[in-house]
Number of protein chains: 4
Amino acid sequence: MDGTRQRRRGDTRQRIQDVALGLFAEQGYEKTSLREIAERLDVTKAALYYHFKTKEEILVSIFEDLTKPIEDLIEWGRRQPHTLDTKQEIVRRYSETLAEAAPLFRFMHENQATVRELRIGEDFKARIQSLRDIIIDPDADLVDQVRCASALFTLHAGMFLLQDLEGDPEERNKAVLEVATDLVTQAHRGAGGS
Amino acid sequence: MDGTRQRRRGDTRQRIQDVALGLFAEQGYEKTSLREIAERLDVTKAALYYHFKTKEEILVSIFEDLTKPIEDLIEWGRRQPHTLDTKQEIVRRYSETLAEAAPLFRFMHENQATVRELRIGEDFKARIQSLRDIIIDPDADLVDQVRCASALFTLHAGMFLLQDLEGDPEERNKAVLEVATDLVTQAHRGAGGS
Amino acid sequence: MDGTRQRRRGDTRQRIQDVALGLFAEQGYEKTSLREIAERLDVTKAALYYHFKTKEEILVSIFEDLTKPIEDLIEWGRRQPHTLDTKQEIVRRYSETLAEAAPLFRFMHENQATVRELRIGEDFKARIQSLRDIIIDPDADLVDQVRCASALFTLHAGMFLLQDLEGDPEERNKAVLEVATDLVTQAHRGAGGS
Amino acid sequence: MDGTRQRRRGDTRQRIQDVALGLFAEQGYEKTSLREIAERLDVTKAALYYHFKTKEEILVSIFEDLTKPIEDLIEWGRRQPHTLDTKQEIVRRYSETLAEAAPLFRFMHENQATVRELRIGEDFKARIQSLRDIIIDPDADLVDQVRCASALFTLHAGMFLLQDLEGDPEERNKAVLEVATDLVTQAHRGAGGS
DNA sequence: GATGAATGAGTTTTCATTCAT
DNA sequence: GATGAATGAAAACTCATTCAT
């Protein structure tokens, strides 16, 4: 039996998402044409339109599938007391989530201008803000607020911009996490935590 | 005398750059068409081609004009001893430069996917790396290296992503600078500086 | 028992025709896609192809079902003597037929450019010509011939173009019929009838 | 000198309108593609877009150019007393206008479904209504109102639907005009004119 | 009596770029 | 120091149609 052909049955939708995300992350959203995606999958452009109503919907569907864990994390965070432990746990779990869906987050990071006009732009922004609101004490001083925001940027950027730093990726990720955790911790202390 | 018309004489090149940067920063590079730029300036597309050979060249020229100060800063930094003072000064001056050409840097930040394929992408990356190399002690431990990189991201992101944080912009910028300086200082101490 | 579902059994063909005619009349033939028809019926496009071989065939089948009365009328008319009474009766019965299948005739009227290239275009034209030939005396003078033709247009257009005239629809239709009858009558008199 | 090439300079816009109107009238608006228009003019599709912003705009521009005389006629009609003479004059001049821009009016007549959704649909409808309002006495009885409307249809349809009637076109047009004038006259008498 | 998945040929529209004047 | 007119390539998207199941 032809396993390749067999497996293709029914998972075209998934394959489109995979290939699309790959290309979006590599070249950007605008520079990736549906022709290119279709060619790489060896189907016609029209087949893409059978599975998704628009180009944007391809992206939206990827986004929704892959950012579910963040929604869960926010949900969880909201129900916890705002202790240092909680904050550190948020940072840790967020960094894990980022690593697991690295291509998507790399895409989001590098295509902000594009994404801003798309529906997911708002969604993503809102999510990050929610995370920040859990980590930041609203009555902390401005510097500590910036520290918390910076912790999140550091996680984001750590994934994409540090690829030239020496050391193996795992260690690098650990270092990034440590810096982010540190920033949150300092902010917590400054805000009167013990 | 018609000052407007008078002043327009001979500075069309500059006006193109201004309008283009505004649109690039607002909508992204790909989504900004030459038609749009021309219309906003009330000239024809062909006029743009009198002043610039390609669309990319418009961007390149803007980039080169506005990032001269960074080149100078790097040059300066390289001739200084790698003391804490120097590092802090670099951070301070870099933050000033970013603020002065905010639209360009916002553009660079939000269009990384696009810019990566353009000539200026490489240039910009190289410059940031140069800055980092001045700030980072090559034999510091990885965590401290990340701290330095993080200081730079914080400056960058601080300009664009914190606009919803309360407080007036000036204070916010001061807070951002303080966090960045702090990160560099911690890194310096950790690396065995005094 | 679910009457809706029950009744749907087996009359899908009819339902397709109904929905299609509605959309064709409302938006035109070209602007109505099979997707739209299918969606409105909550079936797939492929289902339409089970019942009809092509898009055109849907229209043809509607046309054939609904213009049977006109064929009968022509048949009848041909066997009558060409008296004034016959002519008036033709006009009267034609106006009834038009009213009964108003959406179809509205469609035919408003989509002549499209319909001309379709099979039914020829058929329809031939039918109207047949009617005209019954009403018109071939040796009447040209003006009277035009009067007869005009009587038919008036019936057609009366259905669609006078909807903004005040008065209730029934009275309007009566008025239209009177004008048409009048035209035929004048033509008959002019041609030497008594 | 190459007159053809020479003459092409600067009248491309006009040539687009001519060819487009020809095709629109022949095949309908939807079935006429820009590719077809461009090919027939031996230019690229993009050239069409240099002269017109959209496909619809091509049609709009044709419509506006060719229906100016009707606007003038309405203007004139409004300033005249509502005598029988005026009405007859309107009918006469309207028939002339129709004849002069026959392809456009044929197009409007045969593409009503399409045109209804376009901007010009509303415009055209409004214009015909204006004419009718000049011809119709608002307190005439319904039958006479229908007669006036019928006069206008007769003019319209007379141009397109009677092409199979024997007799040379000029005589046919005269006959059509006579029937239309007659209808208006009868309506005027019925309404209490002398 | 229908669906799910796909195709091929087409559509309108946009873009960066060119060049004679 | 510019414009008017055009092009070639490509984009996103739509449509009627097919066919194995």
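Letters go in sequence order (proteins before strands), and every chain restarts at 1. Because only heavy atoms are used, hydrogens play no part in the values below, and waters and symmetry mates are left out as well, while side chains stay in.
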- Query: Closer to the 5' end of DNA chain E via nearest nucleotide, is it A:His51 or B:Tyr29?
  - Reply: A:His51

- Query: If we ignore angles and hydrogens, is there a donor and acceptor under 3.5 Å between the side chains of C:Gln27 and C:Glu36?
  - Reply: yes

- Query: Under a 3.5 Å cut-off for both distances, is E:dT21 Watson-Crick or wobble paired, and to whom?
  - Reply: F:dA2

- Should D:Arg35 be listed as having a side-chain N or O under 4.0 Å from OP1 or OP2 of E:dT12? no

- Message: If I take atom CZ in residue B:Phe52 and atom P in nucleotide F:dA2, what distance separates them, rounded to the nearest angstrom?
- Response: 12 Å

- Task: Send over the distance from A:Tyr50 OH to F:dA16 C1', rounded to a whole Å.
- Result: 16 Å

- Message: Closest approach to the side chain of D:Thr44, judged atom by atom: which nucleotide of F:dG8, F:dA2, F:dA16 is it?
- Response: F:dG8

- Would you mind reading off the distance between B:Glu36 atom CD and E:dA16 atom C1', rounded to a whole angstrom? 14 Å

- Query: At under 4.0 Å, does any side-chain N or O of A:Ser33 touch on OP1 or OP2 of F:dA11?
  - Reply: yes

- For A:Glu30 and F:dA12, what is the distance between atoms CD and C1' respectively, to the nearest whole Å? 12 Å

- Roughly how many Å is it from CD in A:Gln14 to C1' in E:dA5, rounded to a whole number? 17 Å

- Message: Among A:Tyr29, A:Phe105, A:Phe63, exactly one meets ring-ring contact (aromatic ring centres under 6.0 Å, His included) together with A:Phe24. Which residue is that?
- Response: A:Tyr29

- Message: Check this one for me: any side-chain N or O of D:Thr12 less than 4.0 Å away from OP1 or OP2 of F:dA6?
- Response: yes

- The answer to which of B:Ala47 and A:Thr32 contacts DNA chain F further toward the 5' end, by nearest nucleotide, is B:Ala47

- Task: Taking all non-hydrogen atoms of both residues into account, name the closest pair between C:Gly28 and C:Asn111 and its distance.
- Result: CA-OD1, 3.3 Å

- Task: Let me know, please, whether B:Lys45 or C:Leu48 comes out on the 5' side of the other along DNA chain E by nearest nucleotide.
- Result: C:Leu48

- How long is the line joining OH of B:Tyr49 and C1' of F:dG1, in whole Å? 17 Å

- Message: So, does D:Thr54 get its side chain near the phosphate of E:dT12, meaning an N or O under 4.0 Å from OP1 or OP2?
- Response: no

- Once you round it to whole Å, what is the distance between P of E:dA5 and CG of A:Leu41? 15 Å

- Under 3.5 Å side-chain donor-acceptor pair for A:Glu30 and B:Thr114: no

- Cationic N near anionic O, under 4.0 Å, D:Arg116 to C:Glu110: yes

- Rounded to the Å, how far apart are C:Leu34 CG and F:dT18 P? 11 Å

- Item | Toward the 5' end of DNA chain F, by each residue's nearest nucleotide, C:Lys31 or D:Ala46 | D:Ala46

